[in-house]
Structure formats: C-alpha cells, structure tokens
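Shown next, in structure tokens, is the structure this report addresses.
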Amino acid sequence: MKTFVGIDLGSTTTKAVMMDEDEKVLGRGITNSRSNYETACKVATEEAKIDARFTLFRREFGAAGTLTDQVEEFLGALERSFRLEQFLEQLGDLEETCIKLVRGERFEKTGDAIKAALREVFRRLRDEATAMFAPGADRKSDFFRDIAGSRYLALAEEVGREAGVSYDALLNVYDKSIIAVENRPPSGSLNAKFKAALGRVAKEGDGTAAVLGEKAENALGIELEETYLVGTGYGRVTLPFSKEHIRSEILCHGLGAHMMYPKTRTVLDIGGQDTKGIQVNAEGIVENFQMNDRCAAGTGRYLGYIADEMNMGLHELGPMALKSKKPARINSTCTVFAGAELRDRLALGEAREDILAGLHRAIVLRSMSILSRSGGVADEFTFTGGVAKNEAAVRELKKLIAENYGEVKINIGAESIYTGALGASEFARRAAHGRIEGVEE
C-alpha cells in the first residue's frame, strides 16, 4: 500500500500523519521534540505507522462483520500488549546502557555493587510492567521516559538503601543513560512486536480472540510503503530532506485546516514558539497571513513559562483558570515582565485562578491582534495547535470573536494538533502525483 507522510516538527512536540492514496488518514503519531528533531521525526513517524496498523485492523474486522464490542475489547487488549512489548524493549536498552556506564577507576571499588543494584531495580521494573499496561491502569504519560523514570527513581532509592549503594550514584547513571536511550528509538521490527502482542492476547483470551488474532495477522501482511514524505514546522530546516520535501508551516496549516473543515476561511494556530493568523480560499490556498514577532508572549511557550512560575503542570492551567469569578487585568504580555507581575500579584494575595484567567485573556488578545492584521475573522474559523486543547483559552477566544466579529462558526477538533502534519501529508500525496498546489510565502 502506498502511503504519504507529513511531519510537523514543533518546538514542543513533533507530529506525523500517514495518508493513503484515497486521501484517508491511516495513522497519527506524536512525541516530545526534545530539541532532537532527527529522533523526534523517527519516533513520530513510527507512532503514525503503529496507528496505521490499527486502522488496517479495523478495516479487516469491519469487512468480516465482527461484533463491535468484541472488536473494541480485542483491539484494546492488543494495544496494551503491544505497548508492553515496546516498553520492555526500551527497558532492556536502558538497563544495558546504565550498566555499561559503570566502569573505569571511579567505580573500581563500588562497581560490582552498583551493577547488582541496577539489575535488581530493572528486575522489579519488569515485574511491575504488566500491571502498568493492564486494563484501567493509570499512566500519567505514554512516553517511555515518564513511565520508566518515575518508577526507577522510587525503586532506586529503595534498592540502594537495602544494598547499601549510594542513591546518587544510581540516579547519575540513569540521568546519563536515559538521554541516549531516548535518542535511540526502539529498533526492533514493528511486525515482530505486533505478532508477540497478538500471541499474548490470543493466549490470555478466549476463542474469539484467537479468531480475531488470525484476521489481524492478515492485516499485518499489508506492506506500508512510504511513497513520499513532506516536512514542515518550526524545526523543518533541520530535517535531512531535500528542498522539494519541505513546505512552510503557513501552507500546511492552511491546507490541513481546509481538509478538516472545508468551509474554513480563517485559521488561528497557537504553537509552542509562534502564533499564526491565516486566511485561505475555498481550495485551502493561503491568501494572507500574519505571525507574531520574536517575543514568546501569546504562544504555548508563554503558558509553559507561567506553569513553571506557579509550579504547576501545563495541563493544570486551563482548568484552574476556568474557576475564576473575577479575572485579573494583566498589564504586561511580555514573558519576563509577566513572570514578575505574577509573583507580585501572588504576594499581594490575589487568587491564582483569577491571575491565570487574566493571563489567558491576555494571550488571546494578542492573538486577536494578529488575526486582525491578517485580514480579520471570516466564517468559518478554525483554531489549531496545542493551545486549542486549553479550555480557558478557548473560552476567551470565543468571547472575543463574538464581541468583535459577531456570530462565527468556530471549529476546534480533537485532532487539531495534527493540522500542520495533515497538510504536509496532503502535499506529499500531491507531489507524488505531480500536482503540487499552493502559493509560496
């Protein structure tokens, strides 16, 4: 099967979309960018391939007329089992990397004890792994570093105390190893992992699981050929692609928004590093656009800075801001000055939720200025980027659009963060067919 891949390398996350010849999305993948775009590109693309496999599984089961509840239960078990296979492979890589670091004169006296402690830590991690991927398990993240890291730290302290080994030594070895492992995505065959996962699910399930497993193996036989790839996003200049495989963020977000919502005429994208106001025509071709200046205010980076200042998770900002009954009036949208103002207001006893509500409004006001310079807001309006998942930002945006432009249909989708990658995948599909469309910035 021919596939067309679009990769959007953002400053915070990297996204990939895989499309088939019929312009249907097969799979989506996302990972932390971590300032290593080559690795992020590989991981996001692999995640899109994994998602594409599940799409093909569903097509196979749909054609067979299998009962929906049984299919969903089987696919859920298969995904958990597959993720367990991935986790165990990376865990083995991490263990091997940690142990290799314990060498030289520095570890002449303590090396054997540290290695033994490391092996015990990883043995316990492997013993816990199945429970981490059991039905209903609460994982705060799907990224390997987050899942393995929190448990490693807890177990290293416990094992180190029992074995009389320095916790700092175990921590330092981990800190040096995890970066190398993150920059070395799982190397094993995806199909081999899927087959191992299918074997586990069939063994643990009933006769229905065995039948579904056979059908899933049929779908695994479909080869996913990467026919053409296009990269875009903040880090696109770092991609090892030739010029014809690169498209601007503006073009990709405009086309992607049009593909998601064909009646889109105005697009606002708030990413980690920049904010873009884009005007497109009925074919999704960009007619005008504006971007923020070099200042980070009004971007996802601004919210990240505020989260750090308040010692909160980025995902916690929106829900807390929604609790506000009297939003603060924020005087500065400069990232540095906003931090100082934030600290002053907290010291004066202002409620955190009121301050956050004011900060969200300040961010959206800045975005409205960019939209105005790009040509205003036309019906329909599409909001994309990671900040589109922030309910407080969405609330303020809807208010300000209604106040300034009246009744406008606003599109905000669950997959909005993939808009740029979607547009890039369509450019890849068109390029492969010799139909590159659009305008240059």
Value rounded to 0.5 Å, distance of OG in Ser425 from CG in Leu255: 8.5 Å
Under 3.5 Å side-chain donor-acceptor pair for Ser374 and Asn288: no
Side chains of Thr232 and Arg247, donor plus acceptor under 3.5 Å: no
Verdict with supporting geometry, Ile178 and Phe144, side-chain contact (heavy atoms from CB on, under 4.5 Å): CA-CA 10 Å; Ile178 189 64; Phe144 174 74; 3.9 Å; yes
Candidate pair Leu88 and Gln86, rule side-chain contact (heavy atoms from CB on, under 4.5 Å), full reasoning: CA-CA 6 Å; Leu88 290 173; Gln86 271 191 317; over 6 Å; no
Expected output: side-chain His253 to main-chain Glu249 donor-acceptor under 3.5 Å: no
Sidechain-backbone polar pair: Asn281 side chain, Glu283 backbone, donor-acceptor under 3.5 Å: yes
Charged tip of Arg429 within 45° of Phe4 ring normal and under 6.0 Å: no
Carboxylate-amine/guanidinium proximity below 4.0 Å for Lys2 and Glu226: no
Pair Arg28 + Glu46, salt bridge at N-O below 4.0 Å: no
Whether Lys263 side chain and Tyr261 backbone form a donor-acceptor pair below 3.5 Å: no
Ala77 backbone acceptor or donor facing Ser81 side chain under 3.5 Å: no
Check: His360 side chain, Ala392 main-chain N or O, donor-acceptor pair, under 3.5 Å: no
Verdict with supporting geometry, Phe87 and Phe82, ring pair (Phe, Tyr, Trp, His ring centres under 6.0 Å): CA-CA 9 Å; Phe87 179 79; Phe82 177 84; over 10 Å; no
Stepwise side-chain contact (heavy atoms from CB on, under 4.5 Å) test for Thr13 and Thr31: CA-CA 6 Å; Thr13 57; Thr31 187; over 6 Å; no
Carboxylate-amine/guanidinium contact Asp274 Lys276, below 4.0 Å: yes
Salt-bridge criterion met for Glu403 and Lys399 (N-O under 4.0 Å): no
Short side-chain to backbone donor-acceptor contact, Ser372 and Met368, under 3.5 Å: no
Aromatic plane relationship, Tyr152 with Tyr174 - under 30° parallel, 30 to 60° tilted, over 60° perpendicular: parallel
Criterion side-chain contact (heavy atoms from CB on, under 4.5 Å) on Leu56 and Arg53, from CA distance to verdict: CA-CA 5 Å; Leu56 295 178; Arg53 282 295 173 197; 3.7 Å; yes
Interatomic spacing from CZ in Arg265 to CZ in Phe381 - rounded to 0.5 Å: 14.5 Å
Test item: Asp20 side-chain N/O and Glu23 main-chain N/O as donor-acceptor pair under 3.5 Å: yes
Counterpart residues, side-chain hydrogen bond (donor to acceptor under 3.5 Å, both in side chains), relative to Thr264 (two or more places apart): Thr382
Geometric class of the Phe61/Phe74 ring pair [parallel <30°, tilted 30-60°, perpendicular >60°]: perpendicular
Note: Glu353-Lys325 ion pair, threshold 4.0 Å (strictly below): no
CD (Glu415) with more than 12 external heavy atoms under 6.0 Å: yes
Pair Glu128-Arg124, salt bridge (Lys or Arg N to Asp or Glu O under 4.0 Å): steps then yes or no: CA-CA 6 Å; Glu128 293 181 356; Arg124 296 186 189 185; over 6 Å; no
OG1-CG distance between Thr55 and Leu26, expressed to the nearest 0.5 angstrom: 6.0 Å
Spatial distance of atom CD1 (Ile285) from atom CD (Gln279) [nearest 0.5 Å]: 14.5 Å
Crowding at CD, Glu223 (>12 non-hydrogen neighbours, <6.0 Å): no
Minimum heavy-atom distance between Ala156 and Val121, given as atom pair plus value: CA-CG2, 3.9 Å
Non-hydrogen atoms of Thr14 and Ala44 that approach each other most closely: O-CB, 3.7 Å
Test side-chain hydrogen bond (donor to acceptor under 3.5 Å, both in side chains) applied to Glu85 and Lys193, Arg200, Lys195, the passing residue: Arg200
Heavy-atom neighbours of Glu380 CD exceed 12 at 6.0 Å: yes
Residue pair Ala148 / Leu125: nearest heavy atoms and the distance that separates them: O-CD2, 4.4 Å
Approximate separation, where rounding is to 0.5 Å, of Leu170 CG and Glu157 CD: 10.5 Å
Point-to-point distance, once rounded to the nearest 0.5 Å, from CG of Asn32 to OG1 of Thr39: 12.0 Å
Neighbour count >12 (heavy atoms, 6.0 Å) for atom CD, Glu225: yes
Backbone of Glu47 reached by a side-chain donor or acceptor of Asp51 within 3.5 Å: no
Donor-acceptor side-chain pairing of Ser324 and Asp354 below 3.5 angstrom: yes
